[in-house]
Protein chains: 2
Amino acid sequence: MDLAGSLELLWGDRPGPRRGPKPALSHELIARTGIGIADAEGLAAVSMQRVAAELGFTKMSLYRYVPGKSELVALMADLAMGAPPADLGDGDWCDRLRAWTLALLPGFLRHPWVLEVTTGPRVVGPNELAWMESALAVLDGTGLGGAERMDALSVLAGHARNIAQQVATTPGGDPGTQLGAILFEVVRERGDRYPAVQAALTESMDEGGQDKGLDFGLDLILDGLRARVATRARWPTSHDSTTLPATPTKISDP
Amino acid sequence: MDLAGSLELLWGDRPGPRRGPKPALSHELIARTGIGIADAEGLAAVSMQRVAAELGFTKMSLYRYVPGKSELVALMADLAMGAPPADLGDGDWCDRLRAWTLALLPGFLRHPWVLEVTTGPRVVGPNELAWMESALAVLDGTGLGGAERMDALSVLAGHARNIAQQVATTPGGDPGTQLGAILFEVVRERGDRYPAVQAALTESMDEGGQDKGLDFGLDLILDGLRARVATRARWPTSHDSTTLPATPTKISDP
DNA sequence: TGCTTTTGTGTATGGTAGACACAGTTATTC
DNA sequence: GAATAACTGTGTCTACCATACACAAAAGCA
C-alpha cells in the first residue's frame with residue numbers, strides 16, 4: 001500500500017550503482033518468479049520466503065530489490081499483463097476496440113490473480129498505461145470528449161474483467177464446475193424464493209449452455225458507443241447524450 | 001476457500017443445539033463486528049484476534065461459530081451488501097434496471113473491501129442471490145433468453161463495481177486525490193510516450209472534471225439492451241444479435 | 001593499500017491462522 | 001436427584017508471515 005514505493009519501483013529507472021558486488025537478481029527475475037508461483041498455486045502461495053527459495057536465496061535478499069511485498073505484487077501484476085498488441089487490425093475504430101478488449105482477456109485468464117490485485121486504489125504501471133494509451137489512441141478523433149474516452153475505456157476493460165472472472169468461476173476447471181453446480185443446487189432447493197433465478201438458470205441450460213456473455217456485452221457496449229460517436233460527429237461541441245437524464249445521477253454519499 | 005464451509009455458513013440454518021451453555025455470540029454479531037473493522041480500517045485490519053478482542057472474547061471462541069476466516073469474510077460480504085430494495089420504482093423495465101444498478105452503489109461505496117473480497121470463485125450468499133433475483137425479475141418477460149438475462153445482469157453489476165472502484169480511487173478522499181495527481185504527473189513527464197492518455201486527461205480536466213462515467217456507461221448498456229429487447233420482441237425465437245459476428249468469439253485457451 | 005559502498009545473510013520481533021485438549025456449564029436421561 | 005452427554009469458552013502450541021537491524025564478504029575507487 002506504499003504509493004511512493006510502488007511509484008518508484010514501477011517507474012523509477014535508477015542508474016546502476018558503481019561500487020559493491022554485482023546484484024545477482026533483478027526486479028524482472030524476482031517478479032517473474034512470483035508470477036510463476038501465483039499462476040501455479042495462487043496468489044496466497046506467494047510469500048517472500050517462497051519466492052526467495054525458488055531463486056535459491058534468502059528472503060531478506062529480496063528486500064535489496066523490492067521495498068515490500070505489496071510493491072512486488074504490483075510489479076508482478078504489471079509485468080503479467082504485458083504490453084498491448086502493437087496492431088489491432090485494419091477495421092474501423094469499433095473493430096479495433098473489440099480487438100483491444102479481446103486482447104485483454106488472455107492475460108486475465110492466464111493470471112487470474114491479477115483481478116484480485118488490481119481492485120482498489122493503486123499506482124498504474126507502464127504496461128497498464130500502455131494499454132490505456134492503446135485504447136485511447138483508437139478513440140482519438142471520434143469526437144468523444146476526454147472524460148468520455150476514459151469512461152468508454154473503463155467500461156470495456158471492466159467488461160473484460162467481468163468475463164474473465166466469470167470464466168474462472170463457471171466452466172471447465174474442477175472447482176468451477178462444482179461452483180456452478182452448487183449455485184444450481186442452492187437455487188433448486190429454494191426455487192420458491194428465487195423463481196426468476198431458477199427460470200433463468202434452467203432456461204440457460206436448455207439453450208445449450210454456450211457462453212455468449214462475452215459477445216453479448218461487447219456488442220451492447222460497442223453499439224451504444226457507435227451511437228454516441230455518431231451524435232458527437234454531428235454536433236461536435238455538444239456534450240449531451242441522447243438518453244442522458246436532465247440531471248446527472250449524483251452518487252449518494254456513503 | 002473452503003466451499004463446503006462457506007456453503008454451510010451462508011445457507012445452512014442449523015437447529016439450535018439443546019444441551020450445553022447458551023452461545024454468547026452469533027454469526028450476525030461476529031460478522032457485523034468484522035464489517036465495522038473493515039469499514040473503518042480496511043480489510044487488512046480484520047483478524048480473528050481483532051474481531052474477538054472487539055467483542056471481548058478470545059479468538060478461539062470465534063471458531064465455535066465460524067469454520068475459518070475466509071468463511072467469516074464471505075459472511076461479512078453478503079451481510080454488508082444487504083438485501084436489494086423492495087421497490088425499484090414505477091418505470092418500465094429499463095428504468096427499474098437503472099434503479100437496480102444505482103441501488104448497488106451505496107453498498108460498494110460504504111464497504112469498498114467487498115470489491116476485493118468478491119473477485120474470484122465464491123459461493124453466492126442469500127443476499128447476493130436476492131440481488132440477482134431482483135434484477136432477473138425485472139428482465140422477465142422481455143423476451144431475452146435465460147443466458148442473456150444473466151449476461152445483462154452481469155454487465156450492469158460489473159459496471160456498478162467498476163464505478164465504485166473508480167470513485168474509491170479518484171475523488172475526494174485524501175489518498176485518492178494523491179493517486180489521480182500521481183497518474184497525471186507520471187503521464188505529464190512522459191507525454192511523448194502516452195500522447196493519447198495525456199490528451200484525454202488534460203481535456204477531461206478542462207471539461208470541468210464532473211464524473212459522468214456512471215451515467216455514460218449505464219446509458220450505453222441500457223440503450224444496447226433496449227435495442228436487443230426490441231429485436232427479441234419481434235422474433236422471440238431468434239437468438240441472433242443484430243451485430244453478433246457470424247461465429248461467436250472463442251475465448252482462446254490461456 | 002586502504003576506504004567506501006553495496007550485497008547477501010542471520011537473527012530477532014511481533015503479527016497471523018488454526019489444531020487440540022481441557023474445564024466449566026447445561027439439558028437430557030436414568 | 002444423580003449420572004451422562006453435549007456444548008461453550010479458554011489456554012497452549014505450532015507453523016507460518018513480513019520486516020527491522022546488524023554484520024561480514026565483495027568490489028570499485030582513491
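Order of the sequence lines fixes the chain letters, A, B, ..., with proteins taken first and strands second; residue numbering starts at 1 for each chain.
Comparing A/Q49 and B/S61 along DNA chain D, the residue whose closest nucleotide (by nearest heavy atom) sits nearer the 5' end is B/S61.
Across the protein-nucleic acid pair, B/L62 atom CG and C/dA19 atom P stand 14 Å apart, rounded to whole Å. In this structure, A/L55 atom CG and C/dG8 atom P are separated by 11 Å, rounded to whole Å. The CG atom of B/L72 sits 10 Å away from the P atom of C/dG18 (whole-angstrom rounding). Distance B/M60 CE to C/dA19 C1': 7 Å, rounded to the nearest Å. Atom CZ in A/R50 sits roughly 9 Å away from atom P in D/dC17 (whole-Å rounding). Across the protein-nucleic acid pair, A/M48 atom CE and C/dT9 atom P stand 14 Å apart, rounded to whole Å.
Taking every heavy atom of both residues into account, B/F57 and B/A24 meet most closely at CZ-CB, 3.7 Å. Between A/A160 and A/L105, the shortest heavy-atom contact is O-CD2, 3.5 Å.
Across all strands shown, B/F57 has heavy atoms under 4.0 Å from sugar-phosphate atoms exclusively, and none from any base. Nucleic acid contact for A/S47: sugar-phosphate only, since backbone atoms but no base atoms lie under 4.0 Å from a heavy atom of the residue.
Here B/E133 does not pair with A/R193 in a salt bridge; the nearest charged N to carboxylate O distance is not below 4.0 Å.
Regarding contacts with the backbone of D/dT8, every side-chain N or O of B/Y63 stays at 4.0 angstrom or more from both OP1 and OP2.
Checking A/S154 against B/Q166 by side-chain atom types alone, a donor-acceptor pair falls below 3.5 Å.
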Exercise for the section: Give the intermediate values and the outcome of side-chain hydrogen bond (donor to acceptor under 3.5 Å, both in side chains) for residues A/T118 and A/R161. Expected result: CA-CA 10 Å; A/T118 51; A/R161 288 181 64 102; 2.8 Å; yes
Practice task
Could you run through nucleotides 22-30 of chain D and give me one letter per nucleotide, 5' to 3': B if any protein heavy atom sits under 4.0 Å from the base, S if only the sugar-phosphate is that close, - if neither?
Solution key: B---BBBS-
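With a 4.5 Å cut-off on side-chain heavy atoms, A/M205 and A/F184 count as touching. Using a 4.5 Å cut-off on side-chain heavy atoms (C-beta onward), B/V186 and A/L7 make contact.
Closest to the side chain of A/K59, out of D/dG9, C/dA12, C/dG8, is C/dA12.
If you take CG on A/D192 and CD on A/Q198, they are separated by 8.5 Å, rounding to the nearest 0.5 Å. Within the model, atoms CG of B/N127 and CE of B/M81 stand 9.0 Å from one another, a figure rounded to the nearest 0.5 Å.
One axis for each end of the helix from C/dT1-D/dA30 to C/dC30-D/dG1, each built from five base pairs, and the angle between them comes to 10° at 10° resolution.
The base of C/dG18 is not paired with the side chain of B/K69 by any donor and acceptor separated by under 3.5 Å.
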